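Worksheet: one structure, shown below.
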Amino acid sequence: MFFHIVLERNMQLHPRHFGRDLREKLVSKLMKDVEGTCSGRHGFVVAITGIENVGKGLIRDGTGFVTFPVKYQCVVFRPFKGEILEAVVSMVNKMGFFAEAGPVQIFVSNHLIPDDMEFQSGDMPNYTTSDGSVKIQKDSEVRLKIIGTRVDATEIFCIGTIKDDFLGVISDPGTTS
Amino acid sequence: MSRRRDDYDDDIEDEDQDDALEEDDDDDDYGSSRGGGGRSGGKRRRSDFIDDVAEEDEDEEEDYDEDDEDYGGGGGRGASKRRGGKAAKKASGAGFFELEADVDSDAEDEDEEDGEDDFIVNERLDPRDEEDARRMHRRPLIAPEDEQEDVEALERRIQERFSRNRTEYDDDDATEVEQQALLPSVRDPKLWMVKCAIGHEREVAVCLMQKCIDRSSELQIRAAIALDHLKNYIYIEADKEAHVKEACKGMRNIYTGSSILLVPIKEMTDVLSVESKAIDISRDTWVRMKIGTYKGDLAKVINVDNVRQRVTVKLIPRIDLQALANKLEGREVQKKKAFTPPPRLINVEEAREMHIRVERRREQTTGDYYDNINGMMFKGGFLYKSVSMKSISTQNIQPSFDELEKFNHPTENGDGELASTMSTLFANRKKGHFMKGDRVIVIKGDLKNLKGWVEKVEEGTVHIKPKAEGLLTTLAVNEKELCKYFEPGNHVKVVSGAQEGVTGMVVTVKGHLVNIVSDTTKEVLRVFSDNVVESSEVTSGITKIGDFELHDLVQLDNSNFGVIIRVDSEAFQVLKGVADKAEVELVRLRDIKYKIDRKVSAQDRYKNTVSVKDVVKVVEGPCKGRQGPVEHINRGILFVYDRHHLEHAGFICAKAQSCVLVGGSRANGDRNGNPLASRVAQLRPPTRFPNSPGRGGPPLPGGRYRGGRGGKDSLVGTVIKIRMGPFKGYKGRVVDVHGTSVRIELESQMKVVTVDRTHISDSVNVTTPYRDTHRYGSGSETPMHPSRTPLHPYQTPMRDAGATPIHDGMRTPMRDRAWNPYAPMSPPRDSWEDGNPGSWGSSPQYQPGSPRSRAYEAPTPGSGWANTPGGSYSDAGTPRDTTPTYGNAPSPYLPSTPGGPPPMTPSSAYLPGTPGGQPMTPGGGGLDMMSPAVGGDNDGPWFLPDILVNVRRAGEDASLGVIREVLLDGACRIALGASGNGEIITANPNEIEVVVPRKADKIKIMGGEKRGATGKLIGVDGTDGIVKVDESLDVKILDMVILAKLAHLS
């Protein structure tokens, strides 16, 4: 799920950047530091959308670095248990398949793939129904439900299922749930 | 034992028949034999039962008889002759009976002597005997009639009894209560423990028996027991201590001088049930073979013959049919089998095809048909083998899932069978299996499928709080009826079994089986729910055996090496260093010769030098297209780690020749704080190099591809250490190579010396403890920027611009040194800074290009930010032309980029795409230096527990702490306070700084081959510390960077 939230961070800035572009530099550094990171609490920081305010800088003893508390708005993405997501299959193997929804990697075990879908090995490994009408292979788009998440310092890993109503391959990529 | 067996070999009747015959005997005989049996095992209980009746209902004479019988029994075979009247009475009956009776008592006596009560155990287990005993007691006059029956009638009866036994065998619930009634009470004789000479326990017991026989009326003890497993003591059963003393008087090997101990009533049963526990083998239990071809194999007990001490087990045969066929036909029989055939279910048809004679025979005892091949019995592909009880182990058998599955394979009745095997598994549960808060499900009885939480655990009973509505109170449920329960998505840890230690997420739950996806390998594992607990921890199980750790490069034998990709409980899985073919071998610890821990580099397809941590792309072979950082290099073979490669823990083995360097090399030199080396190297005209695929930036004219230099002078520019000659110990940079001599610019003396090429060693790499312990998923992949050159705070505005740009100084001092007031500064560095005053004038802007998108669209390092800060400097009027050394300098922070696969790390953007031709000034590094707090995040892996660190958190002052634990993701658990007794916090590596030790401090070595060792810093020489290693008392010279002050733990 995406959230637009306000976060705060203490930014340290080298004195050389003090000047009229200070704020710009601060922001660009913030973007560089924050975007793409992942925290267990908020999930992935997808993008910074704006700066709420930049607090008073505090010069650090000995270094001359200045610490600015910066409040910024950002879009974060955090998957939840039970959430329905659409994802792109990145790899298929006999244990199941991996799909990616943005930065989140989701594993769908073969136990959580409908029983009528069988694994077909070969050049392009895939899961296919017995009549061949539905096929999950690399780059397919699937709709899945997250049943478990594990949050590390740097990544979020999820386990999903497509063994439920209305889940599975979605033909139209534009569909939203 | 042997004697008993002999007896039994004489007569083929089995125990049941004995019983039956016994019943035919008169009551006296019965009672007395019971009395004799009362000495041991379960019969003890029975005898109590009988005693109750006997003592109360019968007169003294009866007792006397009982004693008498004891003596007779004790005397063994011959003793029966001394039975006097009774024996005579029997003699009047059929001789057959006599023989049987003898054998019977013999057997019991043997049991006593051996201290083994198998026979008794069996009786106790066997409810039918119980009934017999009672019935016989009630019908004292049956014997005379029986004696007149003919043998045929007897046989009939035997048959009848025999078959009944089969049907009633399992009905043991009925006797549970009665068993309780048999337990000794205060009115019963007591057990006394008497000390005797070691090794003479049996002898003493037999002597006592003899004494009883000789002087029966005087002795008032009831029984004497010597247990095999108990040395130095025997047990004597008697009513009073005085009786025991009396009995022991004059016995040589009994020490009555020491106290005679009374065994508490409660423990009396334990005294005699210990041994029976050990051989408590019942059908359908799992055992393991101890010896022979099948050693270690799992087997299922099919039949138990307690009398003969033999067990019929079902095994998966390990039979080499071909060898068997050869043998049967008398062809070249191999003398010595070099290997044991793998376990495989046998196919009778297959055997027939190989002209092996297969007979179909009916087993007399069970009536089942078996295929008999060369004396071995097979059924349904399994081998049925009769083995001695001694050759199987029954304790703590934990069949793995795979093994069970193999066993279940042919029956195909799936769950039913498995469920039954499960129940046997429960017997192996450890104590404290259930814990408060565990989620459980009832699997048996009325409440089946009821879910709940454990509230309280008592012995054998678990109180659960049911989940179901309407059931508010807690329920007490037998432990055996419960099973742990998990839901998909739970994060769990495997606490026992083959996969012990692995953590993962539950995918599905099928009965007692839980499928989990391992956190690290992303493999699906099947484990028993019993072996799993819920946990939030993330581990890959054991990662280390001995000196070898997961992902280490190890030498297997002279020609083979590989990377450890998995650590099992006893062995490693090693991906062998064979290019283009993923060869995985299971090796044991002893098969590994040593760990390969060399810093080597290889050349890629285009002769670029590839070092560890460089990102390469495989362009040839089966792994074509794969890309990732190089983790190990050995003999021209690269081990590449590709996050998207799920097999072999993500490792790919490829020839260096078939790989192409992608992005810049983060070669050792750079990491060593020696950007210069590579810089100098770049001055040479680069050979061709590939445009890294996917890079957004313009083609590069050279620059970062430091591999461009030719092979001949590859030494030039490198920092080496002189290991011999007058300049031994000096470090310096190679400026030129002339044949066998090398001109070296000394680091410390500002002069160039010429030394022999063989006198130098490229050992400075010891200063790069970073990376050595890079682990998957570790925090080192944080997209932060380490500040490689946080030297600025020390820059004085008064720098002397005219100072010679001493090259040595350009070696970027390590961060710690920079921060450490005790560490020597390298002043030349400032002058180098000065060489590029332009950097100060320029404002190193970030590219205004959409930073928002870059984060996700940078699959390859350096793709998004082709025009990184470096670009900004190009316009600066740097005097680089006058100091061409810096001309092609790559970004000094280039090497600092975290090495992990960084699609998510904006830091990847930081790799300057076009440093070529654009001077990177150290000022560029300043961008990074802005935030020392986030700098050095890569240092994480080399933190070690117990070292003193400064924790700098953003917005807080630095505080001293002691690392308690280094977590897998690189973060550390730190106990605040100098002695580590403050509160414990978890800090990211980038917030931690090692406290640099001073002279005479206790230190811990954080890198190099002595990593983890402790020692004392006995001196500081420049950037080197002189360390006395605790373990070996060796004095070593180590770089200060890898030394950390050890905390004085309270």
Side-chain angles (χ1 to χ4, degrees), chain A residues 9-17 19 21 24-25 27-29 31-38 44-49 58 60-67 69 81-82 90-91 93 95-96 98 102-103 105 107-112 146-150 152-155 157-159 161, chain B residues 487-491 504-508 510 515 517 519 522-524 536 538 644 646-647 777-779 781-785 790 792-793 840 843-846 848 851-856 900 903-907 909-910 923 926-927 929-934 953-955 967 969-971 988:
Chain A
R9 186 182 171 88
N10 285 322
M11 299 294 301
Q12 305 230 20
L13 204 59
H14 191 273
R16 77 166 58 171
H17 303 300
D21 294 333
E24 268 171 51
K25 268 173 211 143
V27 172
S28 58
K29 182 172 159 52
M31 285 179 169
K32 180 175 77 71
D33 281 0
V34 169
E35 284 183 4
T37 59
C38 168
F44 287 94
V45 177
V46 179
I48 291 171
T49 55
L58 187 75
R60 295 225 151 239
D61 285 348
T63 64
F65 279 74
V66 174
T67 307
K81 209 167 156 174
S90 58
M91 190 174 57
N93 63 22
M95 291 186 300
F98 287 83
Q105 204 181 25
F107 175 66
V108 179
S109 156
N110 58 4
H111 301 284
L112 300 169
I146 290 172
I147 57 164
T149 59
R150 191 190 80 232
D152 287 349
T154 54
E155 67 161 6
F157 179 73
C158 299
I159 287 181
T161 177
Chain B
E487 269 175 7
N490 286 157
H491 195 256
M505 247 190 281
V506 176
V507 178
T508 48
K510 276 185 194 153
N515 285 300
V517 179
D519 287 336
K522 305 262 157 65
E523 275 171 15
V524 176
S536 56
V538 176
H644 298 286
L646 287 179
E647 289 167 68
S778 76
E781 291 169 16
T782 38
M784 305 286 189
H785 262 280
H792 295 266
W840 294 92
S843 50
Q845 277 291 355
Y846 280 92
R852 205 166 297 172
S853 57
R854 84 195 111 105
Y856 297 128
M904 294 315 305
T905 55
S907 66
Y910 226 59
L927 282 173
M929 284 172 250
M930 291 187 297
S931 54
V934 294
R953 297 204 135 166
L967 303 176
D969 61 2
N988 286 330

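Here the structure is a predicted model, which is why all the values come from computation and not from measurement. The sequence lines fix the lettering, A, B, ..., with proteins before strands; numbering per chain opens at 1.
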Note: Lys81(A) and Asn490(B) closest approach over all heavy atoms is NZ-ND2, 4.3 Å
Results of side chain to side chain contact (heavy atoms under 4.5 Å, CB included) for Val27(A) - residues two or more places apart only: Met31(A), Ile51(A)
Measure across Val507(B) and Ile147(A) and return the closest heavy-atom pair with its distance rounded to 0.1 Å. O-CD1, 4.1 Å
Could you tell me which residues satisfy side chain to side chain donor-acceptor pair (under 3.5 Å) with Thr149(A), sequence neighbours excluded, listed by chain and number? none
Check each atom of Phe157(A) against the heavy atoms of chain B and say whether the ones under 4.5 Å are side chain, backbone, both or neither. both
Of Ile146(A), Leu112(A), Val108(A), the largest count of non-hydrogen pairs under 4.5 angstrom with chain B goes to Leu112(A)
